[in-house]
Structures are given as structure tokens and as C-alpha cells.
Amino acid sequence: MKVTINDVAKLAGVSMKTVSRVINKEPSVRKKTYDLVMSAVNELNYQPNIAARNLAGTSSFAIGLVYDNPNAYYVIDMQNGVLSRCKDEGYELVIHPCSYLDDNMQDEFKTMIKRSRLAGLVLTPPLSEQQSIIDMLDELGVQYVRLLSGREGDISERNNCILVNDFAAAYEITEHLISLGHKRIAFVLGDKEHKSTSERLAGYHQALKDHNIEPCDDLLYEGSYSFESGVNGAKELLKDGNPNMITAILGGNDEVAAGALFAARLMNIDIPSELSITGFEDSPFSRQTWPKLTTAHQANDVISEHAARLLFSKARGSRKQDKDIKTTFTPSIVIRESTGPAK
């Protein structure tokens with residue numbers, strides 16, 4: 001026989017409504033009552049019916065992860081982080097890919113929200129950076145948490161944001177190259193629409209400035225977060241015998257850096273004795289190249305898990321933020337074989 005909520009209530013000696021409040025993690029439940037009900041849940045191996053919970057009230061027991069990113073590794077990490085928290089909370093996860101460049105994206109997005117009756121959303125860049133989307137969600141009264149590239153103090157109302165300090169990480173990578181004697185450091189940038197691109201560029205510029213190295217526009221290549229962009233960018237920067245005397249290339253992310261490394265190989269440039277290359281994010285790309293890439297480790301699964309925790313806290317109406325929720329992350333440098341002393 002399938003165990004029901006009534007069975008749990010009888011074993012715990014409480015009402016079905018109390019069991020429901022415990023399962024839904026309502027903040028007003030006393031710890032003694034919570035422990036009593038959860039003991040009965042575990043003893044009976046009770047599994048709440050998500051569909052029934054959705055139909056029983058106005059609240060949905062599913063949240064959404066919305067993304068526009070072609071990098072499968074990034075998406076999988078984000079998905080795993082949110083899923084891990086959903087399992088702890090007894091929620092389902094709806095994954096929704098979309099393109100922010102699509103003219104119908106906002107209408108499609110709104111339809112998805114209404115049909116799925118989601119309790120809230122985790123928004124990833126660049127969707128999280130689109131003010132029109134934020135305004136729409138506010139108008140619909142939908143709870144959301146935004147993953148954003150930024151620094152402490154960048155946003156006045158940060159109760160619904162998880163920040164990634166790309167500025168500090170890019171500064172550290174650039175400083176690592178400078179410490180190896182590099183002064184002619186090129187940068188193959190990611191998509192200009194992404195705030196992470198401008199933040200990483202700002203960190204790069206600041207590191208050069210702090211070490212009295214004059215930034216040079218000829219060392220910048222405006223590309224996208226893709227392998228092909230890295231290939232094209234490196235070829236353009238190093239063409240005609242490298243007249244700009246570039247000794248290092250900073251890739252906008254690991255895919256870009258892998259592309260730059262591939263292009264260098266085609267041009268018979270040895271890495272790192274003749275050219276150092278760095279990436280960003282520490283994705284599997286950084287460990288699958290040869291030599292392996294120096295990069296900045298960005299724990300996307302941990303970042304998204306904290307985003308989900310913040311979303312659940314908001315959905316319950318908690319006035320005080322859980323002190324265990326981290327709202328700012330700074331990627332840390334991982335030094336590997338793709339960087340070496342400048343000649």
C-alpha cells in the first residue's frame with residue numbers, strides 16, 4: 001500500500017495540515033514538531049506527490065532554471081547545483097533554454113512561466129542582465145534570483161542577486177602573467193553583451209595600470225565566448241609575424257583560450273616557451289588541451305546551488321537571509337602548464 005500523508009499524521013500524532021506545513025518547510029513550524037513529523041516521514045519512507053501538491057494550492061513545487069549559453073559544461077554545472085538544492089527541498093526543476101536575441105523571447109518566457117506555475121526562477125547571464133526581463137518578472141510577481149557578474153556594492157538591492165567577481169579574477173590572472181615578465185598581453189574578449197566581458201576587461205586594464213603598463217587597443221580582439229573566436233582572434237593578433245610583439249594571450253573563457261592555443265599550434269608557436277595563454281572558468285576545456293590551461297576556477301555548481309537556496313528562502317518569505325548563503329564568489333587562479341616566463 002502507498003503511504004499517504006494521513007499515515008504520517010497518525011504516526012506523528014499531528015494533523016494532516018501540520019504534516020503539510022512541515023513538508024512545505026513553512027518557517028512558522030516549531031523545531032520539535034518538525035523533528036516529530038520528519039521522523040515519521042523517514043520511518044514510513046513517505047514520498048510527497050509533487051503533482052498533488054501543485055494542484056492542492058496556489059503554490060507550485062517546481063522552480064525554473066533559465067539560460068542562454070551554448071557551453072554545455074556551464075549548463076550542466078548550473079543544472080547540477082540547482083538540482084541538488086531542489087532535492088533537499090522536495091521540489092522539481094524545469095530547465096528552459098532560450099535566446100535573448102530572439103524577438104519573441106519575452107513572450108515565450110512569459111508563456112512558460114504561466115503554464116508551469118513555477119514557484120520561482122534562477123536566471124543566468126545574459127538573461128539576468130536584461131532589465132526588460134526583470135521588469136516583466138516584477139510585474140508578474142514572480143520570485144527570482146539573478147546570477148550576475150559584479151563586485152560588492154555594485155547593486156543597491158542585492159537581496160535577489162548572486163555576484164561573481166570577474167574583475168578580481170581577471171586582475172589576478174593578468175598579474176600572474178605580469179609576474180612572469182609579460183608586458184605585451186593580448187586579450188581575446190567574449191560577447192560584448194555579457195557584463196562578464198566588461199568586468200574581465202576592466203580587471204585586465206586595472207592590473208596593467210597598477211604595474212605601469214600602458215594598455216593598447218591593438219592588443220584587444222572583440223570576439224565571443226567560443227572556440228572559433230579564440231582561433232580567429234589569435235590568428236588576427238599574431239598575423240604577419242606578430243608585429244605587436246605579443247608574449248601572452250588572455251582568453252575570455254576556456255573555450256576561447258583553447259581556440260587560441262589551437263591557432264598557435266597551426267602557426268608553429270610553442271606554448272608556453274614562445275607564447276603564454278590563459279583561460280577563464282576552469283571548465284573541462286582547460287584540462288583537455290595540451291598543455292593544460294592556466295585559468296580561473298569558477299565553481300558554477302556551488303554558485304547555482306547558493307542561488308537556489310536564496311530563491312527558496314525568498315519564496316518562503318523569510319525576512320532574514322540565511323547566513324550560510326554566500327552571495328559573492330571570486331574565481332581563483334589555477335596555474336598550469338600553458339603559462340611561462342616571457343622571453
Is it the case that the side chain of [X] and the backbone of [Y] share a donor-acceptor pair, with hydrogens and angles ignored and the cut-off at 3.5 Å?
{"X": "Thr111", "Y": "Asp107", "value": "yes"}
{"X": "Asp191", "Y": "Glu193", "value": "no"}
{"X": "Ser39", "Y": "Leu36", "value": "no"}
{"X": "Ser229", "Y": "Ser226", "value": "no"}
{"X": "Tyr204", "Y": "Ile185", "value": "yes"}
{"X": "Ser128", "Y": "Arg146", "value": "no"}

- Can Arg151 and Glu199 be counted as an ion pair, charged N to O under 4.0 angstrom?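 Salt bridge: yes.
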
Side-chain H-bond candidate by donor/acceptor type, [X] with [Y], under 3.5 Å:
{"X": "Ser15", "Y": "Thr18", "value": "yes"}
{"X": "Gln206", "Y": "Asp210", "value": "yes"}
{"X": "Asp166", "Y": "Ser196", "value": "no"}
{"X": "His297", "Y": "Ser332", "value": "no"}
{"X": "Thr339", "Y": "Thr294", "value": "yes"}
{"X": "Ser132", "Y": "Gln106", "value": "yes"}

Listed by chain and number, what are the side-chain contact (heavy atoms from CB on, under 4.5 Å) partners of Thr197, not counting sequence neighbours?
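Checked Thr197 against side-chain contact (heavy atoms from CB on, under 4.5 Å); matches are Leu189, His194, Tyr225.
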
Problem set entry | Asn242, Val188, Leu220 screened by side chain to side chain contact (heavy atoms under 4.5 Å, CB included) with Leu237, the one that passes |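 It is Val188, the one option of Asn242, Val188, Leu220 that forms the side chain to side chain contact (heavy atoms under 4.5 Å, CB included) with Leu237.
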
Cation-aromatic face contact Lys326/Phe329, 6.0 Å, 45 degrees =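 Yes; both conditions hold, so Lys326 lies above the ring face of Phe329.
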
Notebook entry, point to check: Between Gln143 and Leu121, is a side chain to side chain contact (heavy atoms under 4.5 Å, CB included) present by the stated rule, with each step listed?
Noted result: CA-CA 6 Å; Gln143 296 280 7; Leu121 294 165; over 6 Å; no

Any chance the rings of His96 and Tyr67 have centres within less than 6.0 Å?
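No - the distance between ring centres of His96 and Tyr67 does not fall below the 6.0 Å cut-off.
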
Q) Using 30° and 60° as the class limits, which term best fits the ring planes of Tyr73 and Phe285: parallel, tilted or perpendicular? A)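 Rings of Tyr73 and Phe285: perpendicular, over 60°.
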
Discussion item. Show every salt bridge (Lys or Arg N to Asp or Glu O under 4.0 Å) that has at least one partner inside residues 270-298, sequence neighbours left out.
Written reply: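 Qualifying pairs: Arg200-Glu281, Asp282-Arg287, Asp282-Arg336.
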
Margin query: With side chain to side chain contact (heavy atoms under 4.5 Å, CB included) as the criterion, how do Ile113 and Leu137 come out once you've worked through the C-alpha distance, each side chain's angles and the decisive distance to 0.1 Å?
Written below: CA-CA 9 Å; Ile113 293 169; Leu137 294 177; 3.4 Å; yes

**Q.** Chi angles and distances behind the side chain to side chain donor-acceptor pair (under 3.5 Å) call for Asp135, Gln131
**A.** CA-CA 6 Å; Asp135 291 342; Gln131 190 58 48; 2.8 Å; yes

Using the side chain to side chain contact (heavy atoms under 4.5 Å, CB included) rule, take Tyr46 and Met38 through it: C-alpha gap first, then chi angles, then the decisive distance, then the call.
-> CA-CA 10 Å; Tyr46 172 64; Met38 290 309 298; over 6 Å; no

Could you walk me through whether Asn232 and Tyr221 pass the side chain to side chain donor-acceptor pair (under 3.5 Å) check? CA-CA 9 Å; Asn232 295 333; Tyr221 179 85; 4.9 Å; no

Reported CZ-to-CD1 distance for the pair Phe187 and Ile249, which is rounded to 0.5 angstrom: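 Rounded to the nearest 0.5 Å, the CZ-CD1 separation comes out at 11.5 Å.
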
From Asn104 CG over to Lys110 NZ, what is the distance, rounded to the nearest 0.5 angstrom?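 Asn104 atom CG to Lys110 atom NZ measures 12.5 Å (nearest 0.5 Å).
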
- request: Go through Leu148 and Val164 one step at a time and tell me if the side chain to side chain contact (heavy atoms under 4.5 Å, CB included) criterion holds.
  value: CA-CA 6 Å; Leu148 294 170; Val164 178; over 6 Å; no

